[in-house]
There are 2 protein chains.
Amino acid sequence: MPWRDDTGPPWWHGKFRGCGYRLTVSRQAILDVLSKITEHPSAEEIYLEVHKVYPAIGLTTVYRTLELLVQAGLIFKFDFGDGRARYELSEGPKSIGHHHHLVCIGCGRIIDYTDFIDEEIELLRKTKKGLSKKYNFKITNHLIQFHGLCGKCQ
Amino acid sequence: MPWRDDTGPPWWHGKFRGCGYRLTVSRQAILDVLSKITEHPSAEEIYLEVHKVYPAIGLTTVYRTLELLVQAGLIFKFDFGDGRARYELSEGPKSIGHHHHLVCIGCGRIIDYTDFIDEEIELLRKTKKGLSKKYNFKITNHLIQFHGLCGKCQ
DNA sequence: ATCTTATTGACAATGATTTCCATCTTCATT
DNA sequence: AATGAAGATGGAAATCATTGTCAATAAGAT
Ligand SMILES: [Mn+2]
Ligand SMILES: [Mn+2]
Ligand SMILES: [Zn+2]
Ligand SMILES: [Zn+2]
């Protein structure tokens, strides 16, 4: 189990309370992998990592758990165009916080990007306001991706 | 063939010149469907539409052609989270121009959205400048999506 | 009209994600 | 701590969008 004697219960522990979700070994193991990794792993990559510690946990459970965590808002699911979904912790001590992604169309590299969030916040604020008025649309989330060529691929 | 006596050659005609691409019946038929439709059809939906006029054109060719048109920059390919790619004409007389999408997480409805492009342009300009300097990353395209609930789903 | 070669269609193959269902855990209650 | 109901799991099979194969076809230059 992903407990640390020196840190107390993992930060996500409370997230399961009140949602009716059971705190199982699989779910903790998967969250533990996601909280330690800095990349954007696919379901299978997460499965392989989890498998090192808990060989009994199956790929099906990984898929189910990831879906659950997305619904619970604990993780984000992305499509970077490589034919498989990729996942990332949405918040927590280890996460880099609100950010977006640069996707290299040459090599597929993903770069986390946090700059110019101020202008983004402003754009988002106006957009939210405008959309709720014009379309009666309630924004809950937004996705920004930049596609192009990384230094090595230019 | 998707020719109109009163309009002259379709606007995309010249787009194939110089690229080494042949202007085939399939490609014209698919572009014709995309230029008349206002939604964001999947490959199969495009195939079914094309099939009404040209029953001999196969789904494989539709997939191949869409890939070609994406590479040529004539159309955009999107992932709205429903498990299949969706396509849209990138420009031309019938297109609504540069826009982004609202995706309803309740019913899957897609709303084209063109407001507040000014702020977006400004954000994009600063972002491009910052990224090319900080990460040596050359932006060629960007993707903005807002997720939330439409009027009916709230 | 002929020729070169890009393009196509039918079918099989791929591969990520889901479905199924019998079995196992979690955890509230005793 | 033991019990039991409901939720969660794993393994295999199924699904299904997309891609690969390859012989046949058609675009467009000559
Ligand atoms: Mn990231
Ligand atoms: Mn659109
Ligand atoms: Zn690259
Ligand atoms: Zn809706």
Side-chain angles (χ1 to χ4, degrees), chain A residues 1-3 9 12-31 33 40-48 50-51 53-72 74-75 77-87 108, chain B residues 1-3 9-10 12-31 40-48 50-51 53-72 74-75 77-87 108:
Chain A
M1 267 137 287
W3 279 73
W12 64 71
H13 235 227
K15 292 284 180 180
F16 281 90
R17 301 203 178 288
C19 300
Y21 298 141
R22 292 180 178 175
L23 192 52
T24 68
V25 172
S26 302
R27 290 168 185 177
Q28 293 181 74
I30 290 167
L31 274 169
V33 165
H40 305 85
S42 66
E44 186 171 21
E45 287 166 353
I46 293 166
Y47 162 73
L48 290 173
V50 166
H51 191 266
V53 185
Y54 300 97
I57 294 176
L59 180 56
T60 303
T61 295
V62 172
Y63 271 107
R64 267 188 305 233
T65 302
L66 290 171
E67 175 64 19
L68 180 87
L69 296 175
V70 167
Q71 296 308 320
L74 285 172
I75 65 175
K77 180 180 185 178
F78 292 104
D79 168 44
F80 294 131
D82 65 343
R84 69 199 63 191
R86 295 189 169 274
Y87 303 86
Chain B
M1 264 136 290
W3 279 73
W12 64 71
H13 234 224
K15 292 285 180 179
F16 282 89
R17 302 201 178 288
C19 298
Y21 297 141
R22 291 179 181 176
L23 191 52
T24 69
V25 173
S26 303
R27 289 168 186 178
Q28 293 181 73
I30 290 166
L31 274 169
H40 306 82
S42 66
E44 186 171 23
E45 288 166 352
I46 294 167
Y47 163 73
L48 291 173
V50 166
H51 192 265
V53 186
Y54 299 97
I57 294 177
L59 180 57
T60 304
T61 294
V62 173
Y63 272 106
R64 268 189 304 234
T65 302
L66 290 171
E67 175 63 21
L68 181 86
L69 295 174
V70 167
Q71 296 307 321
L74 285 172
I75 66 175
K77 180 180 185 178
F78 292 104
D79 168 45
F80 293 131
D82 64 343
R84 69 201 61 193
R86 296 189 169 274
Y87 302 85

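Order of the sequence lines fixes the chain letters, A, B, ..., with proteins taken first and strands second; residue numbering starts at 1 for each chain. Quantities reported herein were computed from a predicted structural model and do not represent experimental measurements.
- Residues meeting the side-chain hydrogen bond (donor to acceptor under 3.5 Å, both in side chains) test with Arg27(B), sequence neighbours left out: none.
- Among residues two or more places apart in sequence or in another chain, the ring pair (Phe, Tyr, Trp, His ring centres under 6.0 Å) test is passed with Tyr63(B) by none.
- How far CZ of Arg84(A) is from CG of Asp79(A): 11.5 Å, rounded to the nearest 0.5 Å.
- The distance between atom CZ of Arg86(B) and atom C1' of dT18(D), rounded to the nearest whole Å, is 15 Å.
- In this structure, the CZ atom of Arg84(A) is 19 Å from the P atom of dA17(D), given to the nearest Å.
- Every residue two or more places apart in sequence or in another chain that forms a side-chain hydrogen bond (donor to acceptor under 3.5 Å, both in side chains) with Gln71(A) is listed here: Glu67(A).
- Rounded to the nearest 0.5 Å, atoms CG (Leu66(A)) and CD1 (Ile30(A)) are 5.5 Å apart.
- Listed by chain and number, the residues in a side-chain contact (heavy atoms from CB on, under 4.5 Å) with Val70(B) are Ile75(B), Lys77(B), Tyr87(B) (sequence neighbours excluded).
- Residues Ala29(A) and Val50(A) approach most closely at O-CG2, 4.1 Å, considering heavy atoms.
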Provide a list of protein-nucleic acid N or O atom pairs under 3.5 angstrom, restricted to nucleotides 26-30 of chain D.
residue : atom : partner  : partner atom : Å
dA27(D) : N3   : Arg22(B) : NH1          : 3.1
dG28(D) : OP1  : Leu23(B) : N            : 2.8

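- Distance Tyr54(A) OH to dA8(D) P: 18 Å, rounded to the nearest Å.
- Nearest heavy-atom pair across Arg86(A) and His40(A) is NH1-O, 2.9 Å.
- The footprint of chain B on DNA chain C, defined by a heavy-atom cutoff below 4.0 Å, extends from dT5(C) to dC11(C).
- Using a 4.0 Å heavy-atom distance criterion, Ser26(A) is classed as a sugar-phosphate-only contact.
- From Ile46(B), atom CD1 reaches atom OG1 of Thr65(B) across 10.0 Å, with rounding to the nearest 0.5 Å.
- Residues Arg27(A) and Glu44(B) both approach DNA chain D. Their nearest nucleotides, taken by heavy-atom distance, put Arg27(A) toward the 5′ side.
- Listed by chain and number, the residues in a side-chain hydrogen bond (donor to acceptor under 3.5 Å, both in side chains) with Thr61(A) are Arg64(A) (sequence neighbours excluded).
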Quiz item: Dot-bracket for DNA chain D, 5' to 3', with Watson-Crick and G-U pairs under 3.5 Å, [ ] for crossing pairs and | for other-strand pairs: what is it?
Solution: ||||||||||||||||||||||||||||||
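- Proximity of residues 56-68 of chain A to DNA chain C (heavy atom under 4.0 angstrom from any strand atom) is restricted to Thr60(A), Tyr63(A), Arg64(A).
- With sequence neighbours excluded, the residues that form a ring pair (Phe, Tyr, Trp, His ring centres under 6.0 Å) with His51(A) are Tyr47(A).
- For the pair Ser42(A) and Pro55(B), both in contact range of DNA chain C, the more 5′-proximal nearest nucleotide belongs to Pro55(B).
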